**Student:** 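Structure below; questions to follow.
Please read all numbers here as calculations on a predicted model, not as lab measurements. First the proteins, then the strands, lettered A, B, ... as listed; each starts at 1.
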Amino acid sequence: MKVPYSYLREQFADPQPILDALKEQLSRCEFTFGKELKEFEDRMAGYAGAKYCLGTSSGTVALSMLLKAAGVRPGDEVITVSQTFIATIGSIVAVGARPHYVDVLDDYTIDPSRIEEAVNSRTKAIMPVWYSGAPPRMEEIMEIAARRGLSVIEDSCCAIGGRIGKKHAGTFGAGGAFSVHPLKNLNVWGDGGFIVTDSKEIHDRVLLLRNHGLRTRDEVDVYGYNARLDTIQAIVGNYLFPSVDEITEKRIANAAAYDRAFSASAFQPFITLPPRRPHTRHVYHMYMFLAQQRDKLLARLIERGIEAKVHYPIPNHLQKASLDQRPPFGRGDLSRTEAQCQRLLTLPVHQHLSREQVEYTIGEVRKFYLE
Amino acid sequence: MRVPYVDLAAQFKGNPDYRRAIHEILDSGQFVLGPAVAEFEGNFARLCGVARAVSVANGTDAIFLALKLRGVGPGDEVITVPNTFLATVGAIVSCGAFPRLVDVREDYNLDPALVRRAVNRKTKAIIPVHLTGNPAPMDEIMKIADEHGLAVVEDAAQAVDAALSGKKTGGLGHLGAFSLHPLKNLNTCGDGGVITTDDGGWADKLSRMRNHGLKDRNESEAFAYNFRLDSIKAAVANLQIPGIAGVTEARNRNARLYDEGLQGLAPRVVIPPRDPRVRHAFHTYVVQAERRDDLIAHLAAAHVETKIHYPIPVHLMEAARPYGYRRGDFPVAEAQAAKIVSLPVHQHLSEEQIGFVIETVRGFYSAL
């Protein structure tokens with residue numbers, strides 16, 4: 001049996017409704033800033049319960065623009081984690097600021113108790129990451145930020161539909177960035193992203209920044225970027241939007257099946273599941289755990305047709321891109337991050353997996369450890 | 001008779017090739033990078049007569065990445081012109097560098113004598129803009145750059161398929177930056193851009209810089225950006241490549257008709273000088289017109305759509321205030337901004353439509 005990691009062929013097996021919508025757009029040829037972009041933004045703002053949403057060309061540039069809009073300038077420090085995709089750090093470096101790495105909890109999200117010791121006179125913002133779709137300790141982080149006068153920009157690129165209580169990812173701080181990359185829970189036909197915010201000021205700045213800083217066709221207030229979400233991508237996003245909760249619930253159900261199986265006492269010496277927080281909605285962009293003999297298990301699963309992955313073997317602070325920095329980026333003790341990277345494994349969890357595929361995957365993990 | 005400034009529907013509507021290209025991407029599930037992107041890059045490099053092309057998310061990113069590649073950063077200066085789309089200057093500012101603007105000549109392109117005067121010890125790069133699809137005086141610029149060890153990034157956003165002395169734009173400087181925006185001569189179904197270069201090592205590095213700095217799936221050697229061209233957009237742009245020579249010819253033919261038809265209206269209508277060494281690839285057809293705004297209104301009343309590229313020179317925009325420029329700093333560009341008008345020149349116009357525009361312009365001035 002094959003258990004593929006990507007599901008895009010299944011998802012877009014019948015693209016006709018999207019192609020029809022694209023065709024309708026072609027008669028208008030509004031490839032940038034078509035009405036569908038506004039529709040997409042209104043939908044996502046409503047879904048996240050935020051006042052404003054703006055489509056962007058990627059999640060990475062969404063983060064950079066939020067940092068800029070929040071007043072982060074070259075030389076400023078942004079407290080974040082090393083346990084994340086490199087784009088989190090790239091977005092900070094791109095605005096001339098410097099990441100200050102702090103360690104994570106057992107659920108791979110930022111450890112709030114490490115934030116205060118990282119604050120110094122250059123610190124301007126905190127960037128918690130909803131890694132794999134898991135909720136960071138946003139309540140504690142917001143309390144620290146308020147006390148120390150820092151902005152909070154959420155990297156919620158993996159977390160469309162993620163919630164703490166009833167509050168959606170990306171709505172806790174000054175703004176949140178999302179990705180709609182093809183492998184994200186809500187996806188489009190290429191790169192894309194959006195920001196949400198309740199602040200009119202942040203909205204107004206990002207609105208300028210994403211379109212060259214243009215106030216009108218001919219006048220510019222501040223130099224910005226070309227970071228627009230194409231109309232055709234907004235059309236795809238709009239089409240998939242009604243299924244976002246169904247997609248998420250299927251992923252959550254697959255994750256729950258894995259959790260139930262792997263929390264059996266027989267697995268305890270081999271598999272460490274991250275703690276799950278009650279009253280939150282982890283959206284399982286990735287299903288990850290710590291595995292003994294990770295690389296051997298990975299090889300076995302792949303051999304058995306199961307596309308497991310490692311996200312990611314090298315944490316950011318050990319990437320050449322960080323090691324080359326002079327002076328070095330600020331950092332606390334990152335031993336937990338380093339230990340996790342030796343053992344983290346990701347199993348396919350997407351919405352197109354059948355019950356049989358999930359059971360087969362569990363069975364192969366069981367065979368590896370227990371037989 | 002209607003003469004629209006752009007006619008994208010004529011290109012895209014009901015065209016089965018686009019549908020097929022999009023279906024191929026859907027069937028492959030490869031939405032990011034992959035064979036469609038590689039194929040487009042190979043074809044674009046051949047089109048420009050360079051060794052390599054690296055696709056990016058848009059033309060602004062193309063300029064920005066090219067500057068970054070050559071080490072442009074805070075404290076550096078980059079020389080360019082004030083009569084460009086502001087994204088040229090925006091890309092310089094995004095690098096943290098200072099935009100050192102110099103005035104232009106009668107053909108709207110930068111003046112090499114002024115470039116020479118603007119070079120100082122902080123200067124790191126020159127961005128000649130091939131405005132309207134007309135190559136800038138690259139011989140002189142490359143000479144200055146060689147003397148001072150400066151990087152030259154062509155802003156060829158408006159100048160795909162143009163050439164100077166037989167050499168294509170994008171291969172005239174060290175690096176070329178192109179845009180695939182829907183309104184460009186070679187376009188795609190959204191934002192897009194390309195960087196060209198003859199240096200394979202640079203192209204490899206640019207390919208990493210547009211993809212988070214990733215060397216492979218897991219390792220990054222320098223933090224960078226997500227500036228990828230979507231595979232779908234690469235596939236759509238790839239479809240335009242076989243037809244671009246025809247597009248250029250059609251636009252150039254329209255421009256020639258204007259050049260001939262508007263002759264003799266000087267000084268009321270001033271056609272810029274045409275350099276015989278240049279193969280222009282008219283992205284815009286820009287003349288300087290007396291009573292410009294009245295002419296535009298007169299043309300609009302006759303259903304002829306015109307534009308102004310661009311009414312406000314970049315140095316007079318609010319965003320440029322920190323750089324200390326003032327009105328009067330660039331007299332040629334400022335005088336042009338008050339008089340320039342862009343007449344429709346796209347490839348879907350008929351000879352009759354061009355003739356009608358010429359007649360309407362002539363009618364306006366003969367009635368004065």
**Student:** Can you label the angle between the B:Y18 ring and the B:F12 ring as parallel, tilted or perpendicular, going by 30° and 60°?
**Tutor:**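 B:Y18 vs B:F12 ring planes: tilted.
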
**Student:** Pick from B:Q347, B:H348, B:Q240: which one makes a side-chain hydrogen bond (donor to acceptor under 3.5 Å, both in side chains) with B:Q11?
**Tutor:**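 Of the listed residues B:Q347, B:H348, B:Q240, the side-chain hydrogen bond (donor to acceptor under 3.5 Å, both in side chains) partner of B:Q11 is B:Q240.
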
**Student:** Taking every non-hydrogen pair under 4.5 Å, which of A:L183, A:D221, A:I314 racks up the most with chain B?
**Tutor:**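 Of the candidates given, the most pairs with chain B belong to A:D221.
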
**Student:** For the residue pair A:F31 and B:H181, is the inter-centroid distance of their aromatic rings smaller than 6.0 Å?
**Tutor:**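 Here the rings of B:H181 and A:F31 have centres that are no less than 6.0 Å from each other.
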
**Student:** Using non-hydrogen atoms and a 4.5 Å limit, figure out which bit of B:D27 sits close to chain A: side chain, backbone, both or neither.
**Tutor:**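 Answer is backbone: N, CA, C or O of B:D27 sit under 4.5 Å from chain A.
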
**Student:** Where does A:E24 contact chain B at under 4.5 Å (heavy atoms): side chain, backbone, both or neither?
**Tutor:**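 Neither the backbone nor the side chain of A:E24 comes within 4.5 Å of chain B.
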
**Student:** Could you name the residues of residues 85-94 of chain B that have a heavy atom within less than 4.5 Å of a heavy atom in chain A?
**Tutor:**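 Residues B:F85, B:L86, B:A87, B:V89, B:G90, B:V93, B:S94 are the ones that qualify, each having a heavy atom under 4.5 Å from chain A.
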
**Student:** Going by the angle between their ring planes, with limits at 30° and 60°, are B:Y225 and B:F64 parallel, tilted or perpendicular?
**Tutor:**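 Ring orientation, 0 to 90° scale: perpendicular.
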
**Student:** Go through the atoms of B:L183 and report whether side chain, backbone, both or neither lie under 4.5 Å from a heavy atom of chain A.
**Tutor:**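 Neither; nothing under 4.5 Å.
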
**Student:** Under 4.5 Å heavy-atom distance to chain B, tell me which part of A:V93 shows up: side chain, backbone, both or neither.
**Tutor:**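 Contact with chain B involves the side chain of A:V93 alone.
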
**Student:** Name the region of A:D324, side chain, backbone, both or neither, that has any atom closer than 4.5 Å to a heavy atom of chain B.
**Tutor:**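 The side chain, not the backbone.
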
**Student:** Angle between ring planes, A:W189 versus B:F31, binned at 30° and 60°: parallel, tilted or perpendicular?
**Tutor:**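 Rings of A:W189 and B:F31: parallel, under 30°.
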
**Student:** Under 4.5 Å heavy-atom distance to chain A, tell me which part of B:K233 shows up: side chain, backbone, both or neither.
**Tutor:**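 Looking at B:K233, just its side chain touches chain A.
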
**Student:** Please determine, among A:I89, A:N316, A:T231, the option with the most heavy-atom pairs under 4.5 Å with chain B.
**Tutor:**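 Option with the greatest count: A:I89.
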
**Student:** Is any residue of residues 5-12 of chain A within less than 4.5 Å of chain B by heavy atoms, and which ones?
**Tutor:**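 Result: A:L8, A:R9, A:F12.
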
**Student:** Which region of B:T60, side chain (C-beta onward) or backbone (N, CA, C, O), has a non-hydrogen atom less than 4.5 Å from a non-hydrogen atom of chain A, or is it both or neither?
**Tutor:**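 The side chain, not the backbone.
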
**Student:** Examine whether an atom of B:R19 lies under 4.5 Å from a heavy atom of chain A, and if so say whether it belongs to the side chain, the backbone or both; otherwise answer neither.
**Tutor:**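 Side chain only.
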
**Student:** Do other residues, nucleotides or ligands put more than 12 heavy atoms under 6.0 Å from the NZ atom of B:K13?
**Tutor:**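 No, NZ of B:K13 has 12 or fewer neighbouring heavy atoms, counting only those of other groups under 6.0 Å.
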
**Student:** Is any side-chain heavy atom of A:P315 less than 4.5 Å from a side-chain heavy atom of A:C341?
**Tutor:**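 They are in side-chain contact.
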
**Student:** Check whether A:R98 reaches the backbone of A:V78 with its side chain - one donor and one acceptor, N or O, closer than 3.5 Å.
**Tutor:**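 Side chain of A:R98 to backbone of A:V78, a donor-acceptor pair under 3.5 Å: no, none is there.
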
**Student:** Please classify the contact between A:I86 and chain B as side chain, backbone, both or neither, with a heavy-atom cut-off of under 4.5 Å.
**Tutor:**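 Its backbone and side chain both get close to chain B.
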
**Student:** Tell me, side chain or backbone of A:T32 under 4.5 Å from chain B's heavy atoms, or both, or neither?
**Tutor:**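 It is the side chain, since no backbone atom gets that close.
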
**Student:** With chain B, which of A:Q233, A:Q25, A:R28 has the greatest number of heavy-atom pairs at distances under 4.5 Å?
**Tutor:**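 Most heavy-atom pairs under 4.5 Å with chain B: A:Q233.
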
